[in-house]
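What follows is a set of notes on a single structure, which appears directly below.
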Amino acid sequence: MIAATPAQDPAQARPRLRLATVWLAGCSGCHMSFLDLDEFLFELAAAVDIVYSPVASDTKIYPEQVDVCLVEGAVANVDNLQLALTLRQRTALVISFGDCAISANVPGLRNLCSAPGRDSARTVLERGYLELADASGQLPFAPGIVPELLPKVLPLHEVIPVDLYLPGCPPSAERIRAAIAPLLVGQRPRIEGSSMLRFG
Ligand code: SF4
């Protein structure tokens with residue numbers, strides 16, 4: 001867990017942080033910004049175990065007892081929803097990572113497209129696969145393979161409780177570092193001030 005450990009040698013006594021990063025409905029730009037941490041990634045590697053991440057492991061099952069999870073992207077389909085619910089159950093500190101997770105942002109533009117009597121999912125699917133298709137157009141239907149769209153794209157906090165918000169599109173590497181570095185020494189980051197809170 002994140003609580004500081006009283007010990008003679010904190011570096012040796014503190015257990016390694018179990019860190020996850022998750023990619024829901026986003027462009028991966030927030031994860032690219034995470035990789036821009038450059039040399040701080042070496043510090044991170046010395047202090048954490050990355051137990052689940054699209055950029056660092058091939059693990060398919062979200063693990064138990066995760067200390068911190070950075071969640072990129074909005075909740076747009078049933079797979080996003082299931083993963084969000086699972087990670088909340090198994091994670092001590094969930095960070096809404098980037099503007100899409102916080103506000104739905106770009107994927108949330110779909111919400112503006114609902115036509116009378118049809119939700120936004122139905123509207124965009126019919127537009128893309130039927131109205132603009134040739135005569136053989138059909139709606140995608142592959143249960144278990146193509147996840148069904150939710151009627152509306154949701155920010156993460158409308159689906160699960162979120163502990164911290166890290167805005168930006170994407171959050172800069174400096175901002176990510178400022179959020180993560182305190183966690184490595186058992187402190188809760190202070191996400192405040194214009195340098196940490198600006199959207200976009
Ligand atoms: S917040 Fe910006 S960079 Fe991050 S996933 Fe959304 S569009 Fe991409």
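For ligands, and for the atoms within them, numbers begin at 1 and follow the listed sequence. Along the sequence shown, the residues carry numbers beginning at 1.
- Applying the ring-ring contact (aromatic ring centres under 6.0 Å, His included) test to Y52 and every residue at least two apart in sequence or in another chain returns Y62.
- A side-chain N or O of T21 and one of S53 form a donor-acceptor pair less than 3.5 Å apart.
- Residues satisfying the salt bridge (Lys or Arg N to Asp or Glu O under 4.0 Å) criterion with D79, sequence neighbours excluded, are absent altogether.
- A donor-acceptor pair is defined here as one N or O able to donate and one able to accept, closer than 3.5 Å; no such pair exists between the side chain of R88 and the backbone of I160.
- Residues S103 and N105 have side chains that never bring a donor and an acceptor to within less than 3.5 angstrom of each other.
- Annotation: protein N, O or S atoms under 2.8 Å of atom 4 (Fe) of ligand 1 (waters excluded) comprise C30 SG.
- Residues forming a salt bridge (Lys or Arg N to Asp or Glu O under 4.0 Å) with E39 (at least two apart in sequence, or on another chain): none.
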